[in-house]
Amino acid sequence: MDIHEYQAKQLLSEYGVKIAAGGLAYSPEDAVQRAREIGGHVWAVKAQIHSGARGKAGGIRLCKSHDEVEDAANDLLGKRLVTHQTGPVGKQCLRLYVEAGTSIVKELYFGLLIDRAHERIVMVGSTQGGMDIEELAESNPDALKKIHIEPAVGLQDFQAREMAFAMGLHVDQIAQAVKLIQGCYRAMRDLDANMIEINPLVVNNHDELVALDAKMAFDDNALFRRQKISELRDKTQEDPREMAAADRGLSYVGLDGDIGCMINGAGLAMATMDMIKLAGGEPANFLDVGGGASPERTEKAFRMVLQDKNVKAMLVNIFAGINRCDWIAEGVVQAVRKIDMKVPLIVRLSGTHVEEGRKIIADSGLPIIMAETLAEAAEKAVEARNQLVAAEA
């Protein structure tokens, strides 16, 4: 789960990270009022969307008067910003963060994330902040300093000092940097975060380290014990299909293809998507209905897939171990009878009670295309999709 910049800054400030004065605005009038409250002569008006590279997309405006603040807010509120992280659809800005201008002497990068390959937390720092870390890692990997932290031991003082020196800070700034780094680590540990990024972390003209931007992401599986964090979720920034599925207990990820998928088991789902691509098609989604899918749950999954208007064919692939093919078949038949399906349906069943499941589908009299193997199912799905597209054309 991602949160907004202003939310991340508020959380990190509670752990000793210094941030510039700022306030939230939902209208141009709010933005001007926040600027008045902050004071000074320079303000940054920042679009609050779940994406990096907002500056390149015009989502951050430096203003030197209240009129400029109002104009920036008028332009940004309701605007759909497109970055390399949002995709071509972009994300709509519905709130702004107005922040006091900061005199920047130096821009740095600092981040903490989980390195699953090493089963450690990795601390990353660089003397080159304010740019995409992915670009920096590709163009100049030596500019990144990485230090792995053993979770059972925790962050050690010498590791924080080592990172501070690696970021090019002088001796008088080391104590500040150590405090900031330790605060970020405690926030990550205490709040079940899986990523904290401060980019840029700046040195201002008062020789202070200030988090000019901040991002945090959290482990969805830990939200049940982090009510405070769960309440920060902004569903307007997430795929509405994924949100609707999560609210119904389904694991769904929307993709850009047009062959809908309903599968039980994450591994089988990934294999099925690979087979669809191998057959020349593009999956529209990842959907794992789980090991104990009842007919009712199957119907919910059907409706979820078919809400995507881009779907031109639907593939149901079930390998029943814990589950039962006859339950799935009942759910498929129930769903098709209740939903006015406009696209071809391909079903492949295997495992527990497979013969009973196939008989239920065969006896239903519905125009369901059956397949014996995964490869056959993928080929039939792509073929049916192509036929529908040709007919529509």
Side-chain angles (χ1 to χ4, degrees), residues 2-86 89-110 129-132 176 180 197-216 231-237:
D2 295 325
I3 60 174
H4 289 294
E5 171 198 359
Y6 76 93
Q7 295 168 327
K9 284 183 173 179
Q10 184 178 6
L11 291 174
L12 291 177
S13 68
E14 295 172 5
Y15 285 85
V17 176
K18 186 173 183 59
I19 62 173
L24 194 61
Y26 291 94
S27 69
E29 293 77 17
D30 282 349
V32 172
Q33 182 59 31
R34 297 293 88 77
R36 294 184 190 279
E37 292 169 355
I38 293 166
H41 303 285
V42 180
W43 304 271
V45 179
K46 300 182 176 184
Q48 296 300 288
I49 61 170
H50 289 175
S51 174
R54 291 172 300 163
K56 292 181 180 179
I60 299 176
R61 310 285 177 86
L62 287 178
C63 305
K64 296 182 179 180
S65 70
H66 292 158
D67 287 340
E68 288 184 14
V69 170
E70 185 174 9
D71 290 342
N74 263 318
D75 184 46
L76 289 174
L77 284 170
K79 185 175 183 178
R80 192 166 286 275
L81 298 175
V82 178
T83 74
H84 68 278
Q85 294 182 8
T86 64
V89 176
K91 291 190 175 180
Q92 189 176 23
C93 171
L94 298 175
R95 62 186 85 178
L96 302 170
Y97 187 57
V98 182
E99 188 174 63
T102 301
S103 299
I104 300 173
V105 176
K106 184 187 292 186
E107 292 188 350
L108 311 169
Y109 173 89
F110 177 75
M131 64 180 292
D132 291 338
Q176 275 191 76
L180 179 144
E197 182 182 74
I198 301 177
N199 185 26
L201 171 65
V202 303
V203 179
N204 66 13
N205 57 353
H206 298 296
D207 220 25
E208 298 172 319
L209 287 170
V210 181
L212 207 60
D213 193 3
K215 296 183 181 68
M216 293 183 73
E231 290 173 354
L232 299 179
R233 186 165 220 154
D234 182 358
K235 293 186 177 183
T236 66
Q237 293 293 304

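When reading the values below, keep in mind they use all heavy atoms of this one structure, side chains included, and skip hydrogens, waters and symmetry mates.
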Residues which pass side chain to side chain donor-acceptor pair (under 3.5 Å) with Thr83, listed by chain and number, not counting sequence neighbours: Ser51
Begin from the C-alpha positions of Leu96 and Leu76 and carry the test side-chain contact (heavy atoms from CB on, under 4.5 Å) through to its verdict. CA-CA 8 Å; Leu96 302 170; Leu76 289 174; 3.8 Å; yes
Roughly how far apart are Ile198 CD1 and Leu12 CG, rounded to 0.5 Å? 5.5 Å
Of all heavy-atom pairs between Ala100 and Ala20, which one has the smallest distance, and what is that distance? O-CB, 4.0 Å
Identify the two heavy atoms, one from Ala47 and one from Cys93, that lie closest to each other, and give their separation to 0.1 Å. CB-SG, 3.6 Å
Tell me, please, which residues at least two apart from Gln10 pass side chain to side chain donor-acceptor pair (under 3.5 Å). none
What distance separates Gln7 CD from Asp2 CG, expressed to the nearest 0.5 Å? 10.5 Å
Of all the heavy-atom pairs spanning Gln85 and Gly52, show the shortest one and how long it is. OE1-N, 2.7 Å
Looking at Gln92 and Lys79, would you say the former's side chain and the latter's main chain have a donor-acceptor pair under 3.5 Å? no
Set out, in order, the CA-CA distance, both residues' side-chain angles and the distance that settles side-chain contact (heavy atoms from CB on, under 4.5 Å) for Leu11 and Val17, then state yes or no. CA-CA 9 Å; Leu11 291 174; Val17 176; over 6 Å; no
Contacts of Asp234 meeting salt bridge (Lys or Arg N to Asp or Glu O under 4.0 Å) (sequence neighbours excluded), chain-then-number -> Arg95
Any idea which heavy atoms bring Cys63 and Ala72 closest together, and the distance? SG-CB, 3.9 Å
Residue set satisfying salt bridge (Lys or Arg N to Asp or Glu O under 4.0 Å) with Lys56, at least two apart, ordered chain then number -> Asp132, Glu135
With salt bridge (Lys or Arg N to Asp or Glu O under 4.0 Å) as the rule and sequence neighbours excluded, what pairs involving residues 36-45 come up? Arg34-Glu37
Mind checking ring-ring contact (aromatic ring centres under 6.0 Å, His included) for His66 and listing every partner two or more places apart, or none if nothing turns up? Trp43
Can you name the residues that form a side-chain contact (heavy atoms from CB on, under 4.5 Å) with Ser13, not counting sequence neighbours? Ile19
Can you sort out the partners of Glu197 under salt bridge (Lys or Arg N to Asp or Glu O under 4.0 Å), two or more places apart, ordered by chain and number? Lys215
List the steps and the verdict of side-chain contact (heavy atoms from CB on, under 4.5 Å) for Leu180 and Leu201. CA-CA 10 Å; Leu180 179 144; Leu201 171 65; 3.6 Å; yes
Separation between CG (Leu77) and OH (Tyr26), nearest 0.5 Å, reads 10.5 Å
Using the rule given for side-chain contact (heavy atoms from CB on, under 4.5 Å), can you reason through Thr102 versus Val202, listing the C-alpha separation, both sets of side-chain angles and the distance that settles it, and then say yes or no? CA-CA 9 Å; Thr102 301; Val202 303; 4.2 Å; yes
Minimum side-chain heavy-atom gap Leu81-Lys91 below 4.5 Å: no
Closest approach of Ala53 and His84, non-hydrogen atoms and distance? CB-CE1, 3.5 Å
Does any pair with a residue in residues 98-110 pass salt bridge (Lys or Arg N to Asp or Glu O under 4.0 Å), and if so which ones, sequence neighbours excluded? Lys9-Glu99, Lys46-Glu99
Pairs involving residues 57-74, ordered by first then second residue, that meet salt bridge (Lys or Arg N to Asp or Glu O under 4.0 Å) (sequence neighbours left out): Arg61-Asp75
Output all residues satisfying salt bridge (Lys or Arg N to Asp or Glu O under 4.0 Å) with Arg54, sequence neighbours left out; order by chain, then residue number. Glu5, Asp213
Can you name the nearest heavy-atom pair linking Ile38 to Gly23, along with the distance? CD1-N, 4.3 Å
With sequence neighbours excluded, tell me which residues meet side-chain contact (heavy atoms from CB on, under 4.5 Å) with His206. Asn204, Glu208
